[in-house]
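Lettering of chains follows the sequences in order, A, B, ..., and the numbering in each one begins at 1.
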Amino acid sequence: MTAMLESSSAAAANRPGSIRWSKQFGRVFVYGCLALLALVFLAPLLSMLLTSLKSMDEIRAGNLLSLPSTPTFAAWANVWGASCIGVTCGGLKGYFGNSFLIVVPATFISVALGAFNGYVFAQWRFRGDNLIFGLILFGCFIPFQIVLIPMAGLLGKLGLAGTIPGLILVHVVYGICFTTMFFRNYFITVPAEIFKAARVDGAGFWAIFFRILLPISWPIVMVSIIWQFTGVWNDFLFGVSFAAGTNQPVTVALNNLVNTSTGTKAYNEDMAAAMIAALPTILIYVAAGRYFLRGLMAGAVKG
Amino acid sequence: MPAIVLSPSLAAVTVCVYGFIAYTAILSFTGSKMFARFDFVGWRQYERLFENPRWITAIENMAIFGGLYIIGATCLGLFIAILIDQKIRLEGVFRAVFLYPMALSFVVTGVIWQWLLNPGLGLEHMMRSLGWESFTFQWLIEPERAIYTIVIAGVWQVTGFVMALFLAGLRGIDTEILRAARVDGAPIHKVYTRIIIPALRPAFLTVFVIEAHLAIKSYDLVVALTKGGPGVSTELPSTFMYSMTFTRNELGVGAASATVMLVSLASIIIPYLYSELRNDRHA
Amino acid sequence: MANLAINHVTKSFGSLAVLNDINIAIEDGEFLVLVGPSGCGKSTLLSIIAGLDEHTSGSITIDGDPVDGLEPKERDIAMVFQSYALYPAMSVEQNIGFSLEMSKMPKAQRLERVSKVADLLQITHLLKRKPGQLSGGQRQRVAMGRALVREPKIFLFDEPLSNLDAKLRVEMRTEIKKLHQRLGATIVYVTHDQIEAMTMATRIAVMKDGILQQFGTPEDIYDRPKNVFVATFMGSPAMNLLPATVVGETLSLKGADAVLPVPASVVAPLTEGREVLLGLRPEWLSLASAGSPSGPSLPLLVEVIEPTGPDVFAALRAGEREIMARLPTGTPVAPGQKASFAIDLSKAILFDAASGVAL
């Protein structure tokens, strides 16, 4: 975290593109607005955390942002291991595990395929390459409702309906559209002369990729991994459509826990469950968010 | 070798994107109910779709939600990006604060805002306990207002990403132009309105396309925040499609609604992709 | 080391010809420079020799063997690129040794070759660094090392000095020439800089619009340009071209009210009244003085003088015509002065006014 602060403030000092509002009033205004907005943006997370550490009695007595007098992890423990979701009562932990079982292979496979595809699109010209790339790109933007019905049928035919491998397959298929775009946009910024030099030096298709391209690709690899990890982890539509019972990912379980419970709402448990479901992606952003931004600014978003 | 590498992905995309789009489009012209049947009924399902008041509500909500979501997130995101671009201290911290909601799933966002806005113990309760006795905030359970809660949660979640896109655009503006403007004596607000914001045109386009795309696809957020309720007051095309297809056994209508969603999104995306791809070779 | 022959090479995109029937042949150990303005096709031709680009028709042979259709690595060539194209993630040592690694040379032998080349280029102390940590001149050396280490039949250079500052460029020019003399290597070198071409080449091919304008030794190109384009492209300041009409045994300069004899070098018969261009290099003019041998001379007005150190460039005026002269420093001329300038017509060239072809 300290390193992150240092590097970003160093970047701020000698970065172009900014205009200084010289007046003192301007600085006060800027910091005032930023601080206020930052509070508004942080409040929901803070409230979620505080609420998850309270008992229901304390929630009723206090308010959204009041501090818990006796912080307790009881709600966390309960939703992690004991709450009833649907007909089973084992808490979120199984679903949390499911999400990992889905996310890790889906991310790895889609990033790897995207890297290969992006390499081909960026540096090996062939007839209609731009059109084909455009067709893949369009796949990033389709509303997934359009594929739900036939995909359910396909997974059924493959014997993968309701299973975790089925979900992995779905996420890989629709993930490669994004990863291909990321890598292609990054790789076209690599000077063509480098590829020519490699060909003259006798490097083939894979040698160029693994020896020359991959070692300089970590920014876009980070972007793709973060994008895919968060995208797959946070998915709800595919999970609720294609996963059955105990194979569901944590987002679906969270929704079931929160929105199908009967009786009075246990907000502390809702918040604890939401925290659990959100933690992996929040941690990834805290740890690697600056790579994500940097990579995104460098390559993925050019226009 | 390039062809071999590309072919698995191409096959997957051909089948699972274009094949499936075709399948769904065809299905929308059949009388399918619980299972897919291929008895063609022409535009019948589309007629039924647009005769369905739930679908009309969904479309109206889409217009309200989409419009406010895009305007709100764009303005707020641009404002924050400009603030952050003022050579501030702790830039990294501020960026992280505004960006973190993007790391959350829509379900988590929905659950959080369900809590924050719940009439019993949420914002209303807090304001009253802070002394504003008459404060009332019950949008979540008011059919007329519930859709705005989705706008609030959606804007909160996406603004950081919009900010990041604008920030990238701001950092990409040639400093020499800005210096020239200052030498020419342009006041700061003129520099923004006449030079910087016009120069962000490509960023605006990207932001708009991404927001429109997210808005049309929005499903999880509604499910987690309002379940489409109260009643069907926060129904969106995506929730409509899902319930028709998977709970109401109206496969044909579901397919028709999905096709309408695709066509409206495609009418935004395809021109965008076309112009992007035409311009970006020879980098 | 090898000879190279380019036979009737043509490259076209549809009806647009990028290269039009190019014929060039050089012997083992020659230094061929392809020179021309940007877009003339010189870099495309180099890419075709390298095998990075394909030609539409014709053939290329190295050491008598056709290499058409062969991959770059099968042609036994090495190339130095304008941007150097060093592999960013590899150290200097790995960059230089990469081609040997690709050809599966054992590591010990590879390192020995790399260190030999590093010695030659005086970059041994840089071997462990990454390209990002090198200066422009150092990168240039590494790029050369990457080519040298392969000991190829032919070296290809694609404007390798154009990214260097002026001083370094001159230094590296000499260094490349030294290397050429020392190794006796066959080199094909592309540049848009006519001074580089003149100083380095044993053969020059001047190109324009995909057409080979002239191919010959630097002396041929400089002293006996075949057309107006070659005459003006090579040499700085450019050759003066004075429109004239043939009148008997003399040339009547248009717009200058002056007459000069037809240069002795012109052998083609000249018909009376023919429109020609008289080509005069700036150094063929000198201030006429009492002591100088009698010869043709012109009274000219000195308009501007540009001292360069060893020489003074003088813009002179004769009626409507401006003539550049290169005079030794110390020549007593001043702007506004009228003086008589002697003209050495022994090397002067006449071009046909319409076609631009030398007579």
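- A donor-acceptor pair is defined here as one N or O able to donate and one able to accept, closer than 3.5 Å; such a pair exists between the side chain of B:Y100 and the backbone of A:F41.
- For the residue pair B:V111 and A:A274, the shortest heavy atom distance occurs at CG1-CB, 4.1 Å.
- Looking at B:A3, neither its backbone nor its side chain comes within 4.5 Å of chain A, counting heavy atoms on both sides.
- The choice from A:I284, A:L45, A:I136, A:T180 that makes the most heavy-atom pairs within less than 4.5 Å of chain B is A:L45.
- Neither the backbone nor the side chain of B:I177 comes within contact range of chain A; no heavy atoms are under 4.5 Å apart.
- Both the backbone and the side chain of B:L6 come within contact range of chain A, judged by heavy atoms closer than 4.5 Å.
- In this structure, the portions of B:V223 lying under 4.5 Å from any heavy atom of chain A include both its backbone and its side chain.
- For B:F98, the parts sitting under 4.5 Å from any heavy atom of chain A are the backbone and the side chain alike.
- Contacts of B:I21 with chain A are made by both backbone and side-chain atoms, with heavy-atom separations under 4.5 Å.
- Contact of B:L273 with chain A is made through the side chain alone, with heavy-atom distances under 4.5 Å.
- With a 4.5 Å cut-off on non-hydrogen atoms, B:K227 touches chain A through its side chain but not through its backbone.
- For B:L10, the part lying under 4.5 angstrom from a heavy atom of chain A is the side chain only.
- When heavy atoms are compared at a cutoff of 4.5 Å, A:A192 does not approach chain B at all.
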Return a table of donor-acceptor pairs under 3.5 angstrom between the side chains of residues 141-154 of chain A and protein atoms on other chains or two or more places apart.
none

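- At a 4.5 Å heavy-atom cutoff, the contact between A:F205 and chain B is made by side-chain atoms alone.
- Remark: B:W113 engages no residue in a side-chain hydrogen bond (donor to acceptor under 3.5 Å, both in side chains) (not counting sequence neighbours).
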